[in-house]
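Letters A, B, ... are given to chains in the order of the sequence lines, protein chains preceding strands, and every chain is numbered from 1. These numbers were taken from a predicted model, which means no experiment stands behind them.
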Number of protein chains: 2
Amino acid sequence: MSGSQPGLGAAHASSRSAILDLIRAAGTISRVELTRATGLTAATISTVVRRLIDDGLVLEVGRAESTGGKPRMLLQLDPSARYAIGVHLDHAGITYVIANLGGAIVARWRRPGAGSDDPATVVARIAAEIRTTITRVGVDPARILGLGVVSPGPISSSTGMTLTPPVMQRWAEFPLGAALEDAVGLSVLLDNDATAAAIGEYWSGGIATGSAFAALYMGTGIGAGIIVDGTVYRGSSSNAGEIGHICVDLDGPVCWCGNLGCVEVLAGPAAVVAAARDAGLELAGRNVAENFGALARAASRGEALPLQLLERSSRYLGVAAQTLANVLDLELVILTGPAFALAGSLYLPEIERRLGQSFFARGSHPVRVTISSNAPEAAAVGAAALVLQSELAPRQAGVRMPLELPLEVTAG
Amino acid sequence: MSGSQPGLGAAHASSRSAILDLIRAAGTISRVELTRATGLTAATISTVVRRLIDDGLVLEVGRAESTGGKPRMLLQLDPSARYAIGVHLDHAGITYVIANLGGAIVARWRRPGAGSDDPATVVARIAAEIRTTITRVGVDPARILGLGVVSPGPISSSTGMTLTPPVMQRWAEFPLGAALEDAVGLSVLLDNDATAAAIGEYWSGGIATGSAFAALYMGTGIGAGIIVDGTVYRGSSSNAGEIGHICVDLDGPVCWCGNLGCVEVLAGPAAVVAAARDAGLELAGRNVAENFGALARAASRGEALPLQLLERSSRYLGVAAQTLANVLDLELVILTGPAFALAGSLYLPEIERRLGQSFFARGSHPVRVTISSNAPEAAAVGAAALVLQSELAPRQAGVRMPLELPLEVTAG
DNA sequence: TGGCATTCTTAGGCAAGTGAACAAAGTTAG
DNA sequence: CTAACTTTGTTCACTTGCCTAAGAATGCCA
């Protein structure tokens with residue numbers, strides 16, 4: 001980590017992070033409201049907010065209506081206080097995004113993918129790309145927090161490198177993070193597409209701090225990013241949410257993972273395209289994504305076979321979403337990623353229907369479903385949000401958190 | 001993963017809890033080891049441990065071998081320092097347990113179940129039962145931390161009452177916790193059977209603080225208690241892990257929950273027993289549990305039909321376990337509850353096989369499977385552990401925890 | 001017996017958070 | 001317009017959790 005990074009003051013105090021996160025989620029919020037939301041005293045909020053303002057991260061923007069006393073002073077993140085760069089690295093294309101503190105996209109562009117080039121060459125290309133765009137867009141380099149890089153999961157937490165997905169064999173064991181850090185001169189964070197997309201939604205979607213939701217990401221593979229109470233759920237090896245390989249049909253076809261009837265092999269874009277070909281459909285696209293897009297458009301026009309194929313796919317994805325919601329007790333599922341960008345509206349009704357039938361939709365709370373507002377670039381936006389998040393809400397390793405309380409009955 | 005950073009604010013009094021938890025998990029451990037495990041300094045450990053010893057919770061028990069310097073002083077929880085009472089309330093029977101700080105069972109007994117009696121009557125019966133046994137066993141009442149009560153899930157977190165499972169309709173909306181608190185004079189914690197069983201395993205099984213595991217509980221229903229990094233995963237409405245109603249066959253039979261092909265309706269004890277009856281088997285038991293037990297014994301003897309039925313059931317449970325492990329990225333699954341107490345060894349191989357094929361068992365870590373050492377009373381033991389946990393590792397509400405860091409690359 | 005390594009303790013200090021009093025800025029009632 | 005009240009936000013002295021630094025205790029080995 002180069003010491004030239006601005007950081008956000010000395011990256012200490014988790015209350016600072018918690019307060020920033022609440023301001024982010026609320027849009028605008030007053031100090032009293034922060035007092036109630038955090039459980040801290042007004043005195044603490046006062047001093048912490050003072051520092052945030054001094055650091056230029058937070059702005060005071062007008063007053064609220066009086067409720068019978070002194071009106072509240074409204075606080076807001078200063079969107080242009082810091083920036084983060086996100087890169088979505090995929091076989092087919094590399095998507096770049098510069099996002100500001102508000103999670104808004106300041107710049108966005110796309111270049112040819114990693115393809116079969118040498119990783120080192122690709123890294124050099126990325127570095128050049130980023131440097132020239134920073135100057136072109138005119139973002140103060142001192143305000144750039146870092147670089148987030150996302151690729152199809154899973155990732156290896158031990159080495160800090162992305163694992164080798166089938167289509168990107170050359171990247172196996174390549175020290176992507178370190179190489180980029182050297183080449184770009186920014187600190188680099190790596191993660192998988194689905195997790196990043198979830199964080200991206202958390203940032204740009206204004207999702208409440210306390211909620212439990214998942215971003216159901218369909219691109220090359222199918223995965224889910226899970227965020228609960230403002231915390232990414234990663235599991236024991238940072239591979240949680242890999243739902244592409246949950247079984248939805250014990251007697252289904254063999255998946256490349258070795259099991260039978262995985263969601264991915266039954267319902268993923270590649271499976272849909274293959275089924276269309278098997279049914280005799282002519283598909284002229286150069287890759288799965290293009291053909292899947294063509295099928296989605298055909299289905300939207302009402303063509304019978306494509307419609308039927310996508311309905312079949314959506315039934316399986318509905319099951320996957322429902323399983324996810326049941327296991328994790330979610331309140332929101334967001335459909336995102338390139339495949340849902342192309343065909344989200346075709347999937348939505350069936351997924352909605354199944355989640356409406358979910359176990360909890362009855363006794364307890366409903367499970368909402370939405371399509372991401374920026375599904376096509378969700379991964380890249382998420383990559384940038386990754387950086388914002390790590391700077392704004394750094395979790396300290398150190399002391400382990402204890403078990404949370406079970407339901408407590410306070411009687412008498 | 002970066003090491004432990006200094007200056008963590010929000011940890012607070014939780015370092016005491018963290019240390020207690022590490023001592024629990026380790027059995028015996030020295031101060032230096034605590035220093036390394038927590039990331040705190042030796043000085044801090046020293047003073048915190050001093051207070052724990054003064055409070056009578058921890059004992060110094062002998063020295064370790066010298067490694068070339070002063071030998072380590074070994075620390076241990078004082079098992080008889082505190083006690084907790086656990087009650088498993090079910091239609092068929094009420095199981096009581098008194099557990100000590102070590103998670104060991106000090107007393108255990110069983111009485112007729114809630115049946116169709118008036119809830120108030122049952123509460124009075126429970127209170128009397130507990131009072132007389134406390135005096136009979138001779139446990140110092142002042143050392144009893146509280147009462148944990150567990151019943152088949154799901155539970156309602158808003159009211160603090162157990163929801164009404166199909167067989168216990170009379171308990172709907174009954175303020176169980178408050179009533180028991182009044183009647184017994186102890187603070188009461190409520191939770192569902194699966195979650196409690198997981199906490200019970202965490203306590204009596206000596207599970208490491210950092211691990212991610214689930215207790216797969218099969219009793220009346222099928223559920224899972226999830227513990228990650230020492231924290232119960234509860235989801236948005238405390239109903240996480242309700243895997244009885246994930247779909248494993250889109251074209252399966254209708255479940256009472258309204259969906260098709262749920263694990264419970266395909267593979268639960270009631271389903272196995274019903275299938276046996278449909279196949280013409282004579283079953284003389286008075287309830288599902290007895291009949292399921294008879295089938296399990298018959299299968300163990302090698303009888304073809306029972307064996308086949310249980311193998312079928314175990315295939316579905318294998319899928320459920322694998323789904324759970326995939327979604328949550330688990331490293332351990334523990335089979336527990338009355339049904340696995342009866343037939344665990346018949347289920348184990350198939351579940352093990354499927355988890356061995358799991359997506360991560362290949363690239364990454366394996367998923368272990370074990371049968372609980374006290375599967376029959378897992379829920380009652382868990383109920384007691386619930387209390388131990390809440391006292392030893394109380395999570396402070398107040399400040400929300402921020403997002404955890406994604407993979408961080410530390411280069412040059 | 002005196003180094004030396006390792007474990008644990010004591011002493012002083014910093015910083016986050018608290019409680020209590022107070023200042024600021026509005027509304028409401030006369 | 002003034003006085004009383006409400007709500008919001010700040011200042012300040014104090015507690016506490018943890019750190020650094022130094023030292024004490026307790027074993028091994030020459």
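Across dT11(D), dT8(D), dT20(D), the shortest atom-to-atom separation from the side chain of Thr41(B) is found for dT20(D). Closest approach to the Leu40(B) side chain among dT11(D), dT7(C), dC18(D) is made by dC18(D) (side chain taken as heavy atoms from C-beta onward). Closest approach to the Thr44(B) side chain among dG17(C), dC19(D), dA25(C) is made by dC19(D) (side chain taken as heavy atoms from C-beta onward).
Under 4.0 angstrom from either OP1 or OP2 of dT8(D) there lies no side-chain N or O belonging to Arg31(A). Within the 4.0 Å cut-off from OP1 or OP2 of dT9(C), at least one side-chain nitrogen or oxygen of Ser46(B) is found. Between dT8(D) and Arg36(A), a contact under 4.0 Å exists linking OP1 or OP2 to a side-chain N or O. Listed pair Ser15(B) / dC18(D) meets the phosphate criterion, a side-chain N or O lying under 4.0 Å from OP1 or OP2.
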Result block: side-chain N/O donor-acceptor pairs under 3.5 angstrom for residues 25-33 of chain A, not counting sequence neighbours:
from: Ser30(A); atom 1: OG; to: Glu33(A); atom 2: N; distance (Å): 3.4
from: Ser30(A); atom 1: OG; to: Glu33(A); atom 2: OE1; distance (Å): 2.9
from: Arg31(A); atom 1: NH1; to: Glu60(A); atom 2: OE2; distance (Å): 3.3
from: Arg31(A); atom 1: NH2; to: Glu60(A); atom 2: OE2; distance (Å): 2.7
from: Glu33(A); atom 1: OE1; to: Ser30(A); atom 2: N; distance (Å): 2.8

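Here Thr67(B) lies in heavy-atom contact (under 4.0 Å) with sugar-phosphate atoms only. No engagement by Arg50(A) is indicated, since no non-hydrogen atom pair under 4.0 Å with the nucleic acid exists.
At a cut-off of 3.5 Å, with distance as the only test, a side-chain donor of Ser237(A) or Asp329(B) sits close to an acceptor on the other residue.
The two residues Tyr233(A) and Leu328(B) make their nearest non-hydrogen contact at OH-O, 2.8 Å.
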